[in-house]
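Right, one structure below, let's go through it.
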Amino acid sequence: MISKTYAPQEIEEKWYQYWLDNQFFKSTPDDREPYTVVIPPPNVTGVLHMGHMLNNTIQDVLVRKARMEGKNACWVPGTDHASIATEAKVVAMLKERGINKHDLTRDEFLEYAWEWTHKYGGIILQQLRKLGASCDWDRTRFTMEPDLHDSVIDVFVDLYNKGQIYRGVRMVNWDPQGGTAVSDEEVITKELQQKLVYINYKIAGAQGQEADYITIATVRPETIMADAAIAVNPNDERYKHLHGRKAIIPLINREIPIITDEYVTMDFGTGGLKVTPAHDPNDYALGITHNLPVLDILNDDGTLNEKAQILVGQDRFVARKTIIKLLEESGNLVKTEEYKSNVGTSERTGAVIEPKLSLQWFLKMDELSKPAFKNVMNDTVQLHPAKFKNMYRSWMENPHDWCISRQLWWGQRIPAFYMQDGTIIVAKNKHEALEKVQHEKLLFAMTEADLTQDEDVLDTWFSAWLWPMSVFNGLKEPDSGDINYYYPTNDLVTAPEILFFWVARMIIAGYEYRGEAPFKNVYLTGIVRDKLGRKMSKSLGNSPDPLDLIEKYGADGVRTGMLFSSAAGNDLMFDEKLVEQGRNFSNKVWNAFRLVKGWTVDSSLPRVTQNELSIGWFDAKLNQTLTDVEDLFSKFRISEALQAIYKLIWDDFCSQYLELIKPAFEQPIDQTTFEATINFFEKLMSLAHPFMPFITEEIWQDIRERESSASICIAPFPKPEVVDQQILASFEEFFEIISNVRNVRNTKQISPKTALPLTIKTTLPDRFQPFESLIRKMVNVSTIAYVSDLPDTESSASISFLIKSDEFFVNIAGQIDTEQEITNTRKDLDYNDGFRDSVLKKLSNEKFVANAKPDVIERERQKLADAEAKIQSLKQRLTDLGA
RNA sequence: GGGAGUUUAGCUCAGCUGGUUCAGAGCAUCUGCCUUACAAGCAGAGGGUCGGGGGUUCGAACCCCUCAACUCCCA
């Protein structure tokens with residue numbers, strides 16, 4: 001006995017293990033066409049969230065389809081070492097054990113980091129299996145494993161030797177909590193309520209009558225000790241008398257010049273701007289223009305250093321409060337105002353970003369990025385949806401140099417070695433650095449002990465940008481079989497948020513090292529949000545646990561549910577209702593299977609003509625959908641492809657086809673119909689398999705005898721054949737009859753058990769005769785009669801409906817409300833009159849006839865003819881009803 | 001301040017180059033059904049002057065202008 005509802009839990013684990021045991025996901029180069037996808041490596045710190053679910057479901061759909069199409073499908077999984085996030089986790093873990101990071105040596109710390117990685121790093125990949133992901137797990141890579149690590153180092157050395165990497169002072173986004181620089185992309189701007197503080201600076205050497213002070217407004221009073229000047233707009237009348245004078249910083253009494261610059265906004269604050277080059281990017285730029293000194297008063301952890309002279313050791317935010325008090329006491333504080341402004345915070349630690357001057361490593365982007373820019377704009381690499389090309393352009397037209405150093409330990413340590421005099425030697429390792437020194441500088445007395453390696457590691461993206469090459473060892477062995485076979489990969493599925501700092505950079509690296517983009521298509525998914533449109537996040541607690549969802553609704557249900565409403569590039573408003581719909585779909589498929597499975601075949605039964613008609617129709621419908629699905633896939637409209645399949649299975653196959661051919665209760669079915677139905681079912685399962693891998697495998701295995709180690713995973717994906725348009729049109733008309741008769745029954749509240757007589761007024765009874773038994777089966781009619789003219793009495797005892805120019809009468813004698821019928825018919829007539837008139841107006845418009853395409857005009861003529869026939873029938877109907 | 005995107009049924013979204021039966025789907029709602037595959041279901045129904053205004057066109061949800069609201073990116 002097959003269960004009445006589909007129970008995914010029992011089935012999913014069994015088939016996933018079966019797939020693994022039979023190595024269906026394993027790929028090695030052969031003479032087939034490759035289809036390659038590299039996973040966007042999730043952070044080792046990550047656990048599966050809804051975004052991963054969506055992203056990986058789409059990848060799996062693409063990969064499974066390609067595999068069924070006979071391509072050598074290879075989906076490479078792996079994880080990313082995520083230096084900042086992981087280091088933060090490890091530091092936290094150490095803290096719990098009572099260990100302070102700074103008490104450890106670098107090597108000791110790294111041991112803990114590896115311990116953490118080995119313990120938690122693989123979790124997310126295990127979770128992907130529950131989703132059904134058909135990755136080649138033997139190829140699992142990690143950005144810190146030796147081969148990938150070495151590739152990163154090699155690339156650094158190579159780019160340095162090519163003159164693309166330099167070391168320079170830059171204003172960077174400093175995360176005082178993480179103790180590292182973060183990229184612009186990792187800074188989240190937040191609007192914060194702040195205090196705008198008005199401070200009086202005494203004018204040096206002020207004479208009797210003139211104002212003794214200049215007032216400036218700032219949100220960062222704690223940085224006044226780092227001021228290098230006060231700037232005013234040269235056109236500002238209020239301050240013209242101060243040009244060339246000097247002001248005195250309160251509390252520390254240091255003199256600074258008053259300078260003029262058009263940059264200063266006259267109507268913001270007081271029009272006076274304190275210039276602090278070390279602690280603000282705009283001020284830094286001003287400082288360069290005006291040749292101002294740079295005075296950095298902050299330590300890396302955000303506390304004030306001795307250069308501040310006062311408040312040394314205090315945290316910047318504590319100092320901000322303290323200094324307001326001090327200024328008040330000294331009489332320099334004018335007032336404070338509430339003020340909202342945007343403040344950058346670190347994506348990883350949440351700390352307020354401190355603009356900071358520091359010595360960092362940079363990669364020049366102008367030359368390197370050119371091919372990547374051009375080849376996206378000319379569609380060599382296609383973005384789906386294409387609207388993201390705009391965003392890509394705005395970023396790539398003027399790329400900033402990439403700050404690639406991070407002040408962390410977890411990651412690839414920068415292979416730069418300093419001699420005692422500060423000379424930089426870049427080499428793969430200390431040994432090679434020493435050789436280089438000895439050979440190039442002829443300093444043969446040098447030893448490794450005389451070289452110190454740079455303390456910093458490389459930005460995680462500096463390893464991620466090599467991912468499509470490094471997973472195939474494409475940088476270490478550029479001529480190996482793997483990289484030559486799999487590269488360039490086909491499709492990349494990722495989020496638009498990382499279009500710039502990952503996707504663009506992979507394309508850059510691809511052109512630099514392989515002369516070719518790393519993929520042909522980039523499918524950009526949306527962000528998964530909750531019902532209220534908020535991004536799902538752990539802190540909000542608004543994200544369901546994907547594994548719970550899988551447990552509750554089945555992996556197939558979750559997969560289809562997520563895809564129902566997720567057009568490419570659009571955010572997905574997640575609602576558990578979607579997943580429920582997916583679960584219901586699984587159940588529908590399951591029950592169709594139960595029905596078919598329950599039939600007994602009687603091979604002695606003759607072929608049934610009416611069934612052959614239905615088979616012909618469904619065959620046409622199937623082929624039409626296959627054509628549509630191919631087209632949708634080619635445009636990466638994955639969600640629409642799923643919807644087309646959903647409708648084909650639910651509406652066309654279950655609601656129509658199965659009802660049409662279903663034998664009466666406990667009656668056997670003939671061989672021909674059974675065979676055709678099993679064939680259809682098999683094709684439908686193959687068609688749905690990329691979306692719902694588990695249930696389709698279960699049914700596919702059971703619907704026919706299978707050889708051991710056969711699988712739907714490697715069964716052929718159905719290909720569209722010629723569509724019989726004629727039969728589709730006839731059935732459309734047939735379904736319209738069915739639906740109209742049912743509607744009559746419904747509106748008149750007539751029991752389905754009451755058989756109703758149907759009369760068809762038509763000049764072509766032949767069109768309907770073949771469908772008679774099908775009509776009877778679908779709507780319980782007692783008789784079907786054809787007339788060329790219907791007696792008034794019978795007409796007035798019937799409800800009628802029109803399909804094209806044929807009129808159908810359902811006799812429900814005794815239950816007819818003549819008045820109501822007349823009102824309805826009049827309404828119908830009025831509408832058709834109006835419709836005819838509008839069509840007539842169009843056709844009598846010379847410009848329309850002259851400009852519109854012939855087929856458009858032909859359609860209008862047809863509409864006119866249909867409307868006129870309808871009007872004729874409706875008028876007759878009114879007469880019959882005695883109106 | 002600069003740029004981009006969005007605005008279509010109660011909700012979430014389709015609607016690809018302007019032209020089929022006068023705008024589609026799913027969910028939700030309403031009506032009637034436990035009809036022996038499925039109530040996680042079946043059969044039906046209602047619901048939108050396509051954000052507002054203007055324009056181009058024989059014809060606009062779709063093209064142009066303008067206004068508004070929301071979202072995102074950059075400064």
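Each chain gets a letter, A, B and so on, in the order its sequence line appears, and its residues count up from 1. Just the heavy atoms: all of them, side chains too, but no hydrogens, waters or symmetry mates, feed the values below.
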Of A:Gln581 and A:Lys662, whose closest RNA chain B nucleotide lies nearer the 5' terminus? A:Gln581
Using heavy-atom distances to pick each residue's nearest nucleotide on RNA chain B, tell me which of A:Arg583 and A:Glu860 is more 5'. A:Glu860
I'd like to check the ring pair (Phe, Tyr, Trp, His ring centres under 6.0 Å) partners of [X]; sequence neighbours left out, ordered by chain and number.
{"X": "A:Tyr392", "answer": "none"}
{"X": "A:Tyr657", "answer": "A:Phe618, A:Phe653, A:Phe680"}
{"X": "A:Trp402", "answer": "A:Phe462, A:Trp465"}
{"X": "A:Phe564", "answer": "A:Tyr646"}

Derivation and outcome, side-chain hydrogen bond (donor to acceptor under 3.5 Å, both in side chains), residues A:Gln862 and A:Asp866: CA-CA 6 Å; A:Gln862 191 56 50; A:Asp866 287 352; 3.2 Å; yes
Under 4.0 Å protein heavy-atom contact, by nucleotide of nucleotides 41-50 of chain B - B base, S sugar-phosphate only: SSBSS-----
For A:Asn233, what residues pass the side chain to side chain contact (heavy atoms under 4.5 Å, CB included) criterion, not counting sequence neighbours? A:Asn235, A:Asp236, A:Val264, A:Met266
Taking only residues two or more places apart in sequence, or in another chain, which ones meet A:Asp401 in a side chain to side chain contact (heavy atoms under 4.5 Å, CB included)? A:Tyr166, A:Arg170, A:Phe362, A:Lys364, A:Met365
I want to verify a distance call: between [options], whose nearest atom is closest to the [X] side chain?
{"X": "A:Val856", "options": "B:G19, B:U31, B:A37", "result": "B:G19"}
{"X": "A:Leu595", "options": "B:U31, B:A37, B:U20", "result": "B:A37"}
{"X": "A:Lys577", "options": "B:C16, B:A28, B:G32", "result": "B:A28"}

Using Watson-Crick and G-U wobble pairs with both distances under 3.5 Å, what is the 5'-to-3' dot-bracket string of RNA chain B, with [ ] for crossing pairs and | for pairs outside the strand? (((((((..((((.....[....)))).(((((.......))))).....(((((..]....)))))))))))).
Shorter than 3.5 Å, N or O on both sides, protein versus nucleotides 4-12 of chain B: list them out with atom names.
| residue | atom | partner | partner atom | Å |
| --- | --- | --- | --- | --- |
| B:U12 | O2' | A:Ser565 | OG | 2.9 |

Going through the checks in order, is the side-chain contact (heavy atoms from CB on, under 4.5 Å) test met by A:Val522 and A:Phe388? CA-CA 10 Å; A:Val522 180; A:Phe388 286 105; over 6 Å; no
What side-chain donor-acceptor pairs closer than 3.5 Å can you find for residues 734-746 of chain A, not counting sequence neighbours?
| residue | atom | partner | partner atom | Å |
| --- | --- | --- | --- | --- |
| A:Asn740 | ND2 | A:Glu736 | O | 2.9 |
| A:Arg742 | NH2 | A:Met778 | O | 3.3 |
| A:Arg745 | NH1 | A:Ser751 | O | 2.8 |
| A:Arg745 | NH1 | A:Thr754 | O | 2.8 |
| A:Arg745 | NH2 | A:Thr754 | O | 3.4 |
| A:Arg745 | NH2 | A:Val779 | O | 2.8 |
| A:Arg745 | NH2 | A:Asn780 | O | 3.1 |

With sequence neighbours excluded, residues passing salt bridge (charged side-chain N to carboxylate O under 4.0 Å, His left out) with A:Asp702: A:Lys597
Nucleotide N/O to protein N/O under 3.5 Å, stretch nucleotides 56-64 of chain B:
| residue | atom | partner | partner atom | Å |
| --- | --- | --- | --- | --- |
| B:C58 | O2' | A:Asn845 | ND2 | 3.0 |

